[in-house]
Amino acid sequence: MPLPRFEKLPEERQHAILEQAAEEFAAHGPARASVNRILKAAGISKGAFYYYFHDKDDLWLAVMHRELAPFLPGDALARLDTGDWWAGVEALMLEMLATLAAAPRAAALMREAWRHPDPAVLDRLIAPMHAWWATLLRHGQARGVVRRDLPDALLVQASFGMGTAVDRWFAEHWEGLDPAELVDLSRATLGLFSDLLRPRAGATGPG
C-alpha cells in the first residue's frame with residue numbers, strides 16, 4: 001500500500017498516478033507491467049515513485065483496493081437488515097455483477113489479479129474481502145439465516161475458499177460469457193453458497 005506521504009499529495013495527483021498504473025496493470029497484468037511506463041505516463045521520476053511506494057506490488061495493491069471498493073459495499077448490512085436476507089444477498093451480487101460488466105478495466109484487473117506470481121501479495125489483496133465476508137456471515141447468523149453448528153472460522157474459511165474458486169473461474173471465462181449467461185451462472189453459484197451456509201434442521205452450536 002502507499003506510504004503515508006502519498007496521501008498528502010493533492011487528490012488529483014494521486015488520481016493521475018493511480019489511473020496510469022491501473023491502465024498498465026489492466027493491459028499487462030501485475031507480473032509484466034512496467035513501472036517505467038507508468039512513471040513516464042504519469043510524469044513522475046523513479047525517485048518520486050519510491051518516495052510514495054515501497055515497490056511495484058505496493059502500487060498494484062493501491063490500484064486494486066481502489067478498483068475493488070465498489071464491489072464491497074459499505075451499506076450491505078443495512079440493506080440486509082430487513083426483508084428476506086438471502087434475496088438481499090442475491091440483489092447485492094447482481095448489482096456487483098452489473099457494476100463489473102460496465103467496467104471493463106476493473107474486469108481486466110480482477111482477471112489478471114489471480115495471475116499474480118506472489119501468493120503473499122495476493123493474500124494482502126484478498127484480506128479486506130475476507131474480512132467483509134466474515135462480517136456478512138456474522139450478520140446472517142444474527143438474523144438466523146446462516147448456520148451456527150460449525151466454528152465461525154471454519155465456516156468463513158470454507159465458504160470464502162469456495163468463493164475464491166468461483167471468482168477465479170469467472171475471471172478466466174468472463175470474456176466468453178454473454179450477459180444472460182453471467183446472470184444465470186451467478187444465481188446458480190449463489191445456490192452453492194446457500195446449500196453450504198443455510199441452517200440445518202436440528203443442528204446446534206459447534207462442539
Side-chain angles (χ1 to χ4, degrees), residues 1-79 89 91-136 160 163-164 166-172 174-175 182 186:
M1 294 300 291
L3 294 168
R5 55 182 69 108
F6 181 75
E7 306 298 334
K8 297 178 181 179
L9 279 174
E11 187 174 336
E12 62 271 15
R13 192 72 184 115
Q14 294 181 41
H15 178 77
I17 293 170
L18 294 178
E19 276 292 299
Q20 294 299 334
E23 292 293 331
E24 177 72 12
F25 287 126
H28 302 284
R32 302 184 310 278
S34 165
V35 169
N36 288 335
R37 283 196 296 262
I38 295 170
L39 300 184
K40 183 177 180 180
I44 63 173
S45 68
K46 186 163 286 190
F49 171 77
Y50 288 110
Y51 187 73
Y52 299 128
F53 300 92
H54 283 297
D55 51 27
K56 184 171 75 169
D57 284 334
D58 269 356
L59 176 59
W60 180 72
L61 286 167
V63 167
M64 292 302 299
H65 283 139
R66 186 185 70 154
E67 295 284 331
L68 290 175
F71 303 98
L72 301 176
D75 65 344
L77 300 188
R79 294 170 60 184
V89 169
L92 279 171
M93 178 196 68
L94 293 178
E95 285 179 24
M96 293 178 194
L97 184 66
T99 300
L100 190 60
R105 188 178 72 183
L109 285 165
M110 293 174 72
R111 180 175 63 249
E112 292 293 337
W114 296 114
R115 299 169 183 164
H116 197 288
D118 188 341
V121 177
L122 191 55
D123 284 345
R124 289 169 61 192
L125 173 66
I126 291 172
M129 305 179 214
H130 190 276
W132 186 87
W133 182 249
T135 300
L136 191 72
F160 190 78
T164 299
V166 168
D167 286 347
R168 283 180 180 269
W169 189 92
F170 272 96
E172 292 169 0
W174 181 265
E175 293 180 333
L182 284 169
S186 294

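Please read these numbers as outputs of a predicted model, since none were measured by experiment.
Between L182 and F170, the closest side-chain pair of non-hydrogen atoms falls below 4.5 Å. Here the side chains of M64 and R124 are not in contact, with every heavy-atom distance at 4.5 Å or above. At least one side-chain heavy atom of I17 sits less than 4.5 Å from a side-chain heavy atom of L9. Using a 4.5 Å heavy-atom threshold, the side chains of W174 and P104 count as separate. With contacts defined as side-chain heavy-atom distances shorter than 4.5 Å, the pair P30/R115 does not qualify. Between K56 and F25 the shortest side-chain heavy-atom distance falls below 4.5 Å. R13 is listed as a side-chain neighbour of I44, based on a closest heavy-atom distance under 4.5 Å.
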>> Working note: R79 + E95, criterion salt bridge (Lys or Arg N to Asp or Glu O under 4.0 Å); need CA distance, chi angles, decisive distance, verdict.
In response: CA-CA 13 Å; R79 294 170 60 184; E95 285 179 24; 2.5 Å; yes
> Would E23 and R37 satisfy side-chain contact (heavy atoms from CB on, under 4.5 Å), going step by step from the backbone distance to the final call?
Replying inline: CA-CA 10 Å; E23 292 293 331; R37 283 196 296 262; over 6 Å; no
>> As a quick check of understanding, evaluate side-chain contact (heavy atoms from CB on, under 4.5 Å) for L125 and L68, giving each step before the final call.
In response: CA-CA 10 Å; L125 173 66; L68 290 175; 3.6 Å; yes
> After noting the C-alpha distance and the side-chain angles of E19 and R66, does the key distance pass the salt bridge (Lys or Arg N to Asp or Glu O under 4.0 Å) rule?
Replying inline: CA-CA 10 Å; E19 276 292 299; R66 186 185 70 154; 2.9 Å; yes
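Remark: W60 CH2 to E24 CD distance equals 14.5 Å, nearest 0.5 Å. Rounding to the nearest 0.5 Å gives a distance of 15.0 Å between CH2 of W114 and CH2 of W169. Atom CG of residue L77 and atom CH2 of residue W132 lie 8.0 Å apart, to the nearest 0.5 angstrom. The structure places CG of L100 at 5.5 Å from CE of M110, a figure rounded to the nearest 0.5 Å. Summarising the geometry, atom CZ belonging to R168 is positioned 14.5 Å from atom CZ belonging to R111; distances are rounded to the nearest 0.5 Å.
Here the shortest heavy-atom pairing between M96 and P73 reads CE-CD, 3.4 Å. Minimum heavy-atom separation, A62 to L18: CB-CD2, 4.0 Å. When all heavy atoms are compared, the tightest approach of A41 to Q20 is CB-OE1, 3.1 Å. Residues L92 and A76 approach most closely at CD1-CB, 3.8 Å, considering heavy atoms. Heavy-atom minimum distance, W133 versus F160: NE1-N, 3.8 Å.
When only modelled atom types and interatomic distance are considered, D57 and H116 share a side-chain donor-acceptor pair under 3.5 Å.
Counted within 6.0 Å of CD on E7, heavy atoms from surrounding residues, nucleotides or ligands total more than 12; the atom is thus considered enclosed.
Residues satisfying the side chain to side chain contact (heavy atoms under 4.5 Å, CB included) test with E67, not counting sequence neighbours, are A22, V63, R105, A106, L109.
Listed by first and then second residue, the ring pair (Phe, Tyr, Trp, His ring centres under 6.0 Å) pairs involving residues 28-48 amount to none (not counting sequence neighbours). Here ring pair (Phe, Tyr, Trp, His ring centres under 6.0 Å) pairs that include residues 29-51, with residues two or more places apart or in two chains, are F49-F53.
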